[in-house]
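Input: a single structure, listed below in structure tokens.
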Amino acid sequence: MASIRVKDDGTAPAVEKGREAPFKQGGFLVFEVNDDVARYWNKMAPGRRDELWKQSRKESKDIRLIVEGFVYRPAHTK
């Protein structure tokens with residue numbers, strides 16, 4: 001397991017049932033994720049990370065679900 005860090009803006013993050021709640025580390029929230037997801041997150045531009053975090057709060061979805069949707073999406077669909 002690896003982790004991703006998101007800037008803490010004071011709002012409560014949405015957490016999916018059955019997943020660990022994030023913990024606070026300095027000015028960041030730390031979410032436990034699979035290694036593949038963490039690798040994808042770390043390669044992403046900081047602006048894109050902020051956009052996904054805003055989308056997560058707006059939709060009240062866990063940030064891990066949104067990022068996993070990009071990592072584990074099917075290569076081709078018919």
Side-chain angles (χ1 to χ4, degrees):
M1 289 298 265
S3 59
I4 60 174
R5 294 168 33 144
V6 179
K7 287 185 184 177
D8 183 19
D9 56 1
T11 59
V15 179
E16 181 188 346
K17 256 188 178 176
R19 292 201 184 218
E20 283 187 37
F23 60 91
K24 192 166 180 158
Q25 184 180 43
F28 294 94
L29 291 171
V30 180
F31 293 86
E32 294 294 324
V33 295
N34 291 331
D35 293 337
D36 298 336
V37 176
R39 233 177 277 121
Y40 182 82
W41 182 262
N42 290 330
K43 288 181 182 179
M44 213 182 301
R48 180 70 176 134
R49 291 181 201 164
D50 290 340
E51 287 176 22
L52 290 177
W53 180 238
K54 286 177 187 173
Q55 177 185 349
S56 167
R57 285 183 292 147
K58 190 166 99 176
E59 296 178 6
S60 296
K61 282 179 79 174
D62 196 329
I63 185 71
R64 294 170 279 199
L65 288 177
I66 294 172
V67 177
E68 286 172 357
F70 291 107
V71 175
Y72 299 123
R73 67 178 173 212
H76 298 285
T77 57
K78 288 187 173 184

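Within the structure, every pair that satisfies the salt bridge (charged side-chain N to carboxylate O under 4.0 Å, His left out) test and touches residues 27-40, not counting sequence neighbours, is listed here: D36-R39.
Scanning for side chain to side chain donor-acceptor pair (under 3.5 Å) contacts around S60 gives an empty result, with sequence neighbours left out. Considering only residues two or more places apart in sequence or on other chains, Q55 meets the side chain to side chain donor-acceptor pair (under 3.5 Å) condition with E59. When the salt bridge (charged side-chain N to carboxylate O under 4.0 Å, His left out) test is applied to K43, no partner is found at least two apart in sequence or on another chain. Evaluation of the side chain to side chain donor-acceptor pair (under 3.5 Å) rule for R19 yields E16, E68 as partners, not counting sequence neighbours.
Looking at R49, its side chain does come within 3.5 Å of a backbone N or O of N42 through a donor-acceptor pair.
Here the rule is side chain to side chain contact (heavy atoms under 4.5 Å, CB included) with K54, and of E51, K58, R57 only R57 fits it.
Grouped by direct or indirect side-chain proximity (heavy atoms under 4.5 Å, Ile/Leu/Val/Met/Phe/Trp/Tyr only), V37 sits with I4, V6, L29, F31, V33, Y40, W41, M44, L52, W53, I63, I66, V67, F70, V71, Y72.
Contact annotation: the side chain of V15 approaches that of R64 to within less than 4.5 Å [non-hydrogen atoms, C-beta and beyond].
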